[in-house]
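Heads up, the thing below is written out as structure tokens.
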Amino acid sequence: MKNIATTARWAIAAAALASAAGCATGPNANPVDPFEPFNRGVTRFNETVDNAVFVPVATAYQRALPSMVRTGVDNFFNNLGDVWNLANNVVQLKLQGSAETFMRLNVNTFFGLGGLLDVATEAGIPRHEEDFGQTLGYWGVGAGPYVVLPLLGPSTLRDTAALPVDRLGDPVSQMNDVAWRNSLTVLHAVDTRSQYLRAGRLLGEAALDKYSFTRDAFLQRRRSQVYDGNPPDDGAGNSPAEDGTESK
């Protein structure tokens, strides 16, 4: 019942977001980003929270823990993530990706101290990152409009709709111990943010319009992920808005 209630809340939030974003459209809206005024407002909110909370905490985390420890934390969460990567590789009928992800899970869990060591990468077994948004794209669901989610950042309408399923597939979110679940969730968020501290500073210094740069880079990356780095030529400059609409 808890999982159903959580999924329902995510679905309601996605619908509310789409409804609110619809009010921000205009006659000159960018076809890729028709909700731009709304998205820019959410981006400003996210940046305010990021600068006030996440950057200071991530900076302190990076300074307090040695690189080796932070690498172990990152490896641990990557290993947990491979559980969901495996499921999505299987649903996409990617035999090689499924087999290699299954091998990664076993090697890193049993020989890498529960995933703290990335033995699989050292052994030449690549990681195949797949989420449910990519799975939907693989099976022909278009990305839809670009949206910026509060606290979560850049997304698309398709990926936003996929979030409840991705959450159900996250082993941490399924932990019954609330204290451990919340602690691991916060640790994962801080560890992830710490990895992009330098990139965030460089982006702020280099981009004339940080919002447009982030949007275009995100959409191009998601398109590349859906097509495993080899997106088809759609005859329109590979518009990011068209990912997932070509025949497979």
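Fair warning: this is a prediction, and the values are worked out from it, not measured in the lab.
- Using a 4.5 Å cut-off on side-chain heavy atoms (C-beta onward), Asn108 and Leu117 make no contact.
- In this structure, CG in Asp159 is found 6.5 Å from CG in Asp131, a value given to the nearest 0.5 Å.
- Looking at Asn79, Asp82, Asn78 one by one, the single match for side-chain hydrogen bond (donor to acceptor under 3.5 Å, both in side chains) with Arg104 turns out to be Asp82.
- The shortest heavy-atom contact between Leu116 and Asn75 is O-ND2, 3.0 Å.
- Cluster membership for Val57 and Leu197, using ILVMFWY side-chain heavy atoms within less than 4.5 angstrom, is not shared.
- There is a path of hydrophobic side-chain contacts, each under 4.5 Å, that joins Leu184 to Val69.
- No donor-acceptor distance shorter than 3.5 angstrom exists from the side chain of Arg193 to the backbone of Val55, with no hydrogens or angles considered.
- With a 4.5 Å cut-off on side-chain heavy atoms, Val73 and Tyr61 count as touching.
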For the pair His188 and Asp74, evaluate side chain to side chain contact (heavy atoms under 4.5 Å, CB included) and give the outcome as yes or no after the intermediate values.
CA-CA 8 Å; His188 191 193; Asp74 188 47; over 6 Å; no

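- Note that CG of Asn182 is 6.0 Å distant from OG1 of Thr185, once rounded to the nearest 0.5 Å.
- A pairwise comparison of heavy atoms in His128 and Asn89 identifies O-ND2, 3.3 Å as the closest pair.
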Quick one, Arg215 with Asp33, criterion salt bridge (charged side-chain N to carboxylate O under 4.0 Å, His left out). Give me CA distance, side-chain angles, the key distance, then yes/no.
CA-CA 9 Å; Arg215 176 193 63 202; Asp33 186 10; 3.1 Å; yes

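- Annotation: the span from Trp84 atom CH2 to Thr135 atom OG1 amounts to 7.5 Å, rounded to 0.5 Å.
- Using modelled atom types, no side-chain atom of Thr121 and backbone atom of Asp118 make a donor-acceptor pair closer than 3.5 Å.
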Report the C-alpha separation of Trp139 and Leu93 in whole Å, then their side-chain angles, then the decisive distance to 0.1 Å, and conclude whether the side chain to side chain contact (heavy atoms under 4.5 Å, CB included) test is met.
CA-CA 10 Å; Trp139 289 112; Leu93 306 181; 3.8 Å; yes

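- Separating the CZ atom in Arg221 from the OG1 atom in Thr214 is a distance of 12.5 Å, to the nearest 0.5 Å.
- Between the side chains of Gln195 and Asp191, at least one donor N or O sits under 3.5 Å from an acceptor N or O.
- Using a 4.5 Å cut-off between side-chain heavy atoms of Ile, Leu, Val, Met, Phe, Trp and Tyr, with links allowed through other members, Phe110 and Leu86 fall into different hydrophobic clusters.
- Leu163 CG to Arg167 CZ: the interatomic distance, rounded to the nearest 0.5 Å, is 10.0 Å.
- Heavy-atom contacts from other residues, nucleotides or ligands closer than 6.0 Å to CZ of Phe102 number 12 or fewer.
- A distance of 13.0 Å separates OG1 in Thr59 from CZ in Phe54, rounded to the nearest 0.5 Å.
- At a cut-off of 3.5 Å, with distance as the only test, no side-chain donor of Gln220 or Arg223 sits close to an acceptor on the other residue.
- The main-chain N or O of Leu149 is found under 3.5 Å from a side-chain atom of Asn46 such that the two form a donor-acceptor pair.
- By the rule that hydrophobic residues join a cluster once side-chain heavy atoms approach within less than 4.5 Å of another member, Leu202 and Tyr196 end up as members of separate clusters.
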Side chain to side chain contact (heavy atoms under 4.5 Å, CB included) between Val91 and Tyr138, intermediate numbers included:
CA-CA 10 Å; Val91 173; Tyr138 179 86; over 6 Å; no

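- Not a single donor-acceptor pair under 3.5 Å links the side chain of Thr109 to the backbone N or O of Gly114.
- Contact detail for Gly133 and Ala162: the closest heavy-atom pair is N-CB, 3.6 Å.
- Residue Val32 is grouped with residue Val42 when hydrophobic side chains (ILVMFWY) are merged at heavy-atom distances under 4.5 angstrom, including chains of intermediate members.
- With a 4.5 Å cut-off on side-chain heavy atoms, Ser212 and Arg40 count as touching.
- For the pair Lys210 and Glu47, the salt-bridge criterion is met [side-chain N within less than 4.0 Å of a carboxylate O].
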Are Thr156 and Phe218 close enough, and set up right, to give a side chain to side chain contact (heavy atoms under 4.5 Å, CB included), and what steps lead you there?
CA-CA 10 Å; Thr156 62; Phe218 172 81; 4.1 Å; yes

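- Nearest heavy atoms, Glu130 versus Lys94: OE2-NZ, 3.0 Å.
- Side-chain contact check for Ser194 and Gln62: no donor-acceptor pair (N or O, by modelled atom type) lies under 3.5 Å.
- Closest non-hydrogen pair, Ser155 versus Tyr146, comes out as O-CD1, 3.3 Å.
- With a 4.5 Å cut-off on side-chain heavy atoms, Phe77 and Leu80 count as touching.
- Heavy-atom minimum distance, Glu129 versus Gln134: O-NE2, 3.3 Å.
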